[in-house]
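Inspection log for the structure reproduced underneath, given as structure tokens.
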Amino acid sequence: MDYNKLANLLFPQIKKTPEDYEAIYPPRNLPEGAKVTRLGPSPTGFIHLGNLYGAFADERLAHQSNGVFFLRIEDTDDKREVQGAVPMLINALHHFGVHFDEGATIEGETGNYGPYYQSKRGDIYQCFAKHLVSKGMAYPCFLTEEEIAEIRNEQESKKLNPGIYGTWANHRDLTFEEVVERISSGQPYVIRFRSNGSLENHFTVIDGIRGELTMPENDQDVVILKKTGIPTYHFAHVVDDHLMRTTHVIRGEEWLSSLPIHVALFHALEWPLPTYCHSTVLMKMDGETKRKLSKRKDPELSLEYYKQEGYHPYAVREYLLTILNSNFEEFRLANPTASIDEFEFTTDKMSNSGTLFDLDKLNDISKEVLAKLSAEEIFFFLLQWAKVYQPGLAELMAGKEEQMLRILSIDRGGNKPRKDLIYCRQIFHFISYFFDDHFMVEDDYPKEVSLKDTKEILNRYIQVYDEADNQEAWFEKIRTITADLGYAVKPKDFKKNPDQYKGHVGHVSNVIRLAITGRTNSPDLWEIQQIMGLQQVRGRIAQAFQDIG
RNA sequence: GGCUCCAUGGUCAAGCGGUCAAGACACCGCCCUUUCACGGCGGUAACCCGGGUUCGAUUCCCGGUGGAGUCACCA
């Protein structure tokens, strides 16, 4: 068989040679040790935390080594493509602080190693497919779906491994004439890789995350070009990552089992292997068992979910980094204010067992992150969020910037900042009592205080309340009311002799707190009232009288 | 089922042959305190099982078990 003849029959329109492409895409001129990484999403319109997890690893690796991080759109499956998915993807990644140096952008493409859409690289893939055919390492296969199903059935009944390989690959050695005949009669075909590997033989690669990996060789004649002429992932990955000069391929461990295919392809094309880094998948608790995060089943793990709830992008970043690199937390503890960029990220510190997504941890990190921001930053962040997700709240905030800043400044800064702000939706609820339209009595009045005393406390309080009092003077008045009504001014006295008092000053001030905020828990009441102003304070007390009858 | 990966408290995880087996989150208690939050102190809680190798195994090897992933003209 003259393989050159076959190659020209199959790809008459392909004139360029592999050497031409090597010249068009020469090795990158980068400093020693620079890493080239890429994100290769398929434009399905759905990105989740797992994708972001990988993207951070790519981004850190490239940028801390003065390398290149690019975005390649893997749109070889037209069935899955969703309109407008690419801008959405890019925006979502930008939102969380992932920026690319090269590749697909919202405006178009940038960089010298494009096109960055696999759908535009048809000629390139065909050229290398042609090359493999001409060397007898790939061949046209006319097997129909039914024929393949038959083969599979027979393999199953004989308990053999399924697939097209070895003697099952019965279009491997079609004669040139047979091929011509089938093509001219219009039979569709795919191009398959002619594997000379065997499951008996094993090979070893060094994985950037897992270390030494030993796997059996690939023995399958995998499809490299579909009948449409579009490459499969396997072939596109090998061709693209070689031509785009990727040095580190970071991907989920679901790719581990197809690694033998990729290695075989790299060998066949006589190209050096990139460093593979197979990361763990993010897991989720599903009833009693762990399982991989799923796009279908876990919409709440969508990146969109975190935007909707109003998690700060920094918080999500910090969280992901803590599960990405086991020593990041240690670094953060030692350097509370350092930028993430100062942390040296390494693949060998990446976990290699499944990581369970932990919302408690995210929330905790989010509190820490927000506690370090200024009131202005939080205000701006809230406003941006509200504009998109709660337009009513955005309107409410619009004229109240000064008041909002005062609210957000309560116990902010200093050595012991409050840490009770987590995400926008939660924050709005947390401060909602400042706004009459959102005010609600959410808790019960303290049971230690009788209804009669409750009224008496409120009554006396509103008579003596003076907005001009400083915190000390203000609280002294509450102490007076406390003592007059037979409650302990010092909580400790009450604890020591519970029989001698009706309750203590905490109970009394909580009556007032409840009337003002509708809750038994709040930041400092004096400050809250200073922000509210006399009129609103009086209004709340009046309303409290109504409520309790 | 074949192949592959993985296995330390509830969760995330240090650990690389000798440790009272770190730390963080969560949980519980105490202190601070007019509530909450913050902060401080303390506590409960772990090396999947069985064989080796070794003076000694959480750590190395083998075998189970368990979990996960993958077996497409999807990525």
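Since this is a predicted model, take the numbers as computed values, not measurements. Residue numbering restarts at 1 for every chain, and letters A, B, ... go by the order of the sequence lines.
In this structure, A:Leu259 places its CG atom 11 Å from P of B:rC5, rounding to the nearest Å. The nearest whole Å value for the distance from the CG atom in A:Asp444 to the P atom in B:rC36 is 16 Å. Residue A:Lys419 contributes atom NZ, which lies 11 Å from atom P of B:rA26 at whole-angstrom precision. Following rounding to the nearest Å, A:His507 (NE2) and B:rU35 (P) show an atom-to-atom distance of 9 Å.
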**OP:** Any chance you could lay out the side chain to side chain contact (heavy atoms under 4.5 Å, CB included) test for A:Ile224 and A:His234, step after step, and finish with the verdict?
**Re:** CA-CA 7 Å; A:Ile224 58 176; A:His234 306 301; 6.0 Å; no

**OP:** Could you walk me through whether A:Tyr276 and A:Leu213 pass side chain to side chain contact (heavy atoms under 4.5 Å, CB included), step by step?
**Re:** CA-CA 11 Å; A:Tyr276 282 101; A:Leu213 287 178; over 6 Å; no

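Checked against B:rG2, B:rU11, B:rU35, the side chain of A:Asn510 finds its nearest nucleotide in B:rU35.
In this pair, A:Tyr233 does not lay its aromatic ring on the base of B:rC74; centres under 5.5 Å and planes under 30 degrees do not both hold.
Figure legend: A:Arg540 and A:Phe439 shown as a cation-pi pair, the cationic atom lying under 6.0 angstrom from the six-membered ring centre and within 45 degrees of its axis.
Residue-level contact check: A:Arg210 touches the backbone only, with heavy atoms under 4.0 Å from sugar-phosphate atoms and none from bases.
Where RNA chain B pairs in unbroken runs of 3 or more (Watson-Crick or G-U, both distances under 3.5 Å), the stems are B:1-7 with B:65-71, B:10-12 with B:23-25, B:27-31 with B:39-43, B:48-52 with B:60-64.
Applying the 4.0 Å criterion to OP1 and OP2 of B:rA24, one finds that A:Lys367 has every side-chain N and O outside that range.
Side-chain contact check for A:Glu147 and A:Thr144: at least one donor-acceptor pair (N or O, by modelled atom type) lies under 3.5 Å. Side-chain polar atoms of A:His429 and A:Glu442 form a donor-acceptor pair below 3.5 angstrom.
Sorted by first and then second residue, the salt bridge (charged side-chain N to carboxylate O under 4.0 Å, His left out) pairs involving residues 198-218 of chain A (not counting sequence neighbours) are A:Arg210-A:Glu253.
Where A:Met215 and A:Arg192 each meet RNA chain B at their nearest nucleotide, the meeting point lying more 5' is that of A:Met215.
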